[in-house]
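These values consider heavy atoms only, across backbone and side chains, with no hydrogens, waters or symmetry-generated copies.
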Amino acid sequence: MLTSKILLATQREAPADAEIISHQLMLKAGLVRKLASGIYTWLPTGLRVLRKVEAIVREEMDKAGAQEILMSGVQPAELWQESGRWEEYGPELLRLSDRHGREFCLGPTHEEVITDLVRREIRSYKQLPANFYQIQTKFRDEIRPRFGIMRAREFLMKDAYSFHLDEASLQQTYEDMFECYSTIFNRIGLVFRAVIADSGSIGGNTSHEFHVLADSGEDQIVFTEDGNYAANIELAAAVKPEGERAEPSEDMQKQATPGMHSIEEIAGHFKVDESKCLKTLIVDGANDDLVALIIRGDHELNKVKAEKLENVARPLSFASADKIRKHLSCDIGSLGPIELDIPTIVDFSAAHISDFICGANENGMHFTGVNWQRDLAEPDCADLRNVIAGEAAKENGAPLKLARGIEVGHIFQLGTKYSAAMKANCLDEKGTATTFMMGCYGIGISRIVAAAIEQNHDEKGIVWPQSISPYSLVLIPIHMHKSQRLREAVMALYEQFSAAGIDVLLDDRKERPGVMFADMELIGIPHRLVFSERGLDANTLEYKGRTDEESSDINLDEAVSFIQKQLASG
RNA sequence: CGGGGUAUAGCUCAGCCUGGUAGAGCGCUGCCUUCGGGAGGCAGAGGUCGUGAGUUCGAAUCUCGCUACCCCGACCA
């Protein structure tokens, strides 16, 4: 490809609203442009990357025995009503109606459509197991799209759905997909972790997420160094503190704490560690009431764990300040478990401390030297908190590490959630109609592009993994428009590279060298060859890898084999 | 949807407080000089100042409504 023939669209400055590095670089490098909030147009260079990711995913899915199909992005409401999700899904589902007033939605996912297809088409166990996938544009009307392509409303996703008559078969396909995903992310060249995950609103039980590790990641994941345990922090169980609680050594006292609301202020005032304070959080209960959740001052509430409690409303919502004032006659910041007459659940580690400090349920007052059993009843306990770095994993006792991740893949065992609701079944060996067991497997294709940039960039721009770079190689001639000899040499080599099947870009713009260098580094092409009159005289070219400090001369006649070697080793 | 903010040239922004009819840098077009890391000069093109109303002799500027976008919370590939 010649740069003069394509819309390169590089920019010096990124729009001010681009927050994270991948968003800024995708705009600066001319990969995408915003059309509306969370909706983007892919420009030629960006589309090449997207297509490369897509190709890898497709190849590996095919290898794993999945069959590609393509379902409609627009789906009839009836199917969603059948599965119950027309009501369940909420405003994320973009609904529309046609000229006849019939209701449709823009597909955020395709469980209903595939289940409908399979219940019509698959009659016999002999056709199973079957795994169908598509690579297609999805739409989710996110409350808050942000970070550019990372969390867009419209995005490209690979989604696959498998069908089985028994658990063993589902488990087998699930494991095959796990392997397939690992191969895909390894091939792309991303540093990732597969973690145990919450299955969330899609339903089902067993579930893993694949996260690309990056500091800008929206998810917190935890894992042990030995690699034997990895989970989304939402799921990571905290170990109950061992041993007996220390005996009380202080008397309980009520003390004035005017104007102090945060744990930090209280701990600072009494000159104790935050772990000696209790944090009391009030959330909405399942039956229009309130529930108190209590954790140690230095801990964070884990929302997924809290949501699983019987008397807590789902989704979890913090009680409004008004409601708290009305029911508890004091404000957030002065709450505590003593004489609190709403259901109260205490985290194991908060129940293990003695001589602690907590709010007195009276504005501006706290108790110190409080002890369970002596000053108030032994509490109902549960695991409510996020684990912290360094503590032992419940599963194997190894110390946990924390990292941030970008979720790029998610696999679920759905069981019969959709097939049962939609009466999807087929005949087994004995001729009995049996409800399908299903698995579902997603990969965020467009998100991978952004995630790859988050993980691979420097001050000059993007540093593509070779596997998904828009071009493998760029040729930069210096003052080609002034030298016929140089032009001929460059064009000849360009043809050779093309013939060798290398994705080569020739920068034939009438630009100064600095402009070309800067643009190509911004775009992130992994290999660069510079042509000059001087080099031609010596029969050499200058080679520089994207992250190399210095360039090196190579023999003009060996250029193709040299680059082939670089590509093979990259 | 709740809370906060922004809207002026393709991009980044100034002008608004204190009304007097629109600017800079980058980018774009042409010419000249320059020519190995985002050059310099000259000449240009480009804006119903988001939108609707109001106040005023006069509104980018003051007031109100609307819309879009962004940031903080809840969702997810």
Base, sugar-phosphate, or nothing for [X], non-hydrogen atoms under 4.0 angstrom?
X         : value
Val408(A) : sugar-phosphate
Asp141(A) : nothing
Lys482(A) : base
Ala9(A)   : nothing
Arg528(A) : base
Asp159(A) : nothing

**Asked** Do the side-chain N and O atoms of Ser472(A) and His527(A) include a donor-acceptor pair separated by under 3.5 angstrom?
**Response**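 Short answer, no.
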**Message:** Could you tell me if Thr173(A) and Asn131(A) have a donor-acceptor pair between their side chains, going purely by distance under 3.5 Å?
**Reply:**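 No, no side-chain donor-acceptor contact under 3.5 Å.
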**Prompt:** Does any donor-acceptor pair link the side chain of Arg140(A) with the base of C75(B) at a separation under 3.5 Å?
**Reply:** no
**Request:** Determine whether any donor atom in the side chain of Glu542(A) lies under 3.5 Å from an acceptor atom in the base of G36(B), or the reverse, and answer yes or no.
**Result:** yes
**Message:** Would Phe155(A) count as stacking on A77(B) if stacking means ring centres less than 5.5 angstrom apart and planes tilted under 30 degrees?
**Reply:** yes
**Carboxylate-amine/guanidinium contact Arg151(A) Glu142(A), below 4.0 Å** = yes
Nearest-Å distance once atom [atom1] is located in both [N] and [M]:
N      : M      : atom1 : value
A14(B) : C26(B) : C1'   : 15 Å
C71(B) : C32(B) : C1'   : 48 Å
C64(B) : C17(B) : P     : 15 Å
C11(B) : C16(B) : C1'   : 22 Å
G44(B) : G3(B)  : C1'   : 48 Å
G25(B) : G46(B) : C1'   : 16 Å

**Message:** Under a 3.5 Å distance rule, please check whether Glu60(A) uses its side chain to pair with a backbone N or O of Cys180(A) as donor and acceptor.
**Reply:**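 Answer holds: no.
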**Message:** Angle between ring planes, Tyr543(A) versus Phe562(A), binned at 30° and 60°: parallel, tilted or perpendicular?
**Reply:** perpendicular
**Request:** Hey, can you tell me if His481(A) and His479(A) have their rings parallel, tilted or perpendicular (30° and 60° cut-offs)?
**Result:**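 Taking His479(A) first and then His481(A), their aromatic rings stand perpendicular (interplane angle over 60°).
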Atom pairs, protein N/O to nucleotides 69-71 of chain B N/O, distance under 3.5 Å:
unit_1, atom_1, unit_2, atom_2, d
C69(B), OP1, Ser37(A), N, 3.3
C69(B), O3', Lys34(A), NZ, 3.0
C70(B), OP1, Lys34(A), NZ, 3.4
C70(B), OP2, Ser37(A), OG, 3.0
C71(B), OP1, Glu19(A), OE1, 2.8
C71(B), OP2, Arg144(A), NH1, 3.2

**Asked** More than 12 foreign heavy atoms under 6.0 Å from CD of Glu265(A): is that the case here?
**Response**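 Count over threshold, so yes.
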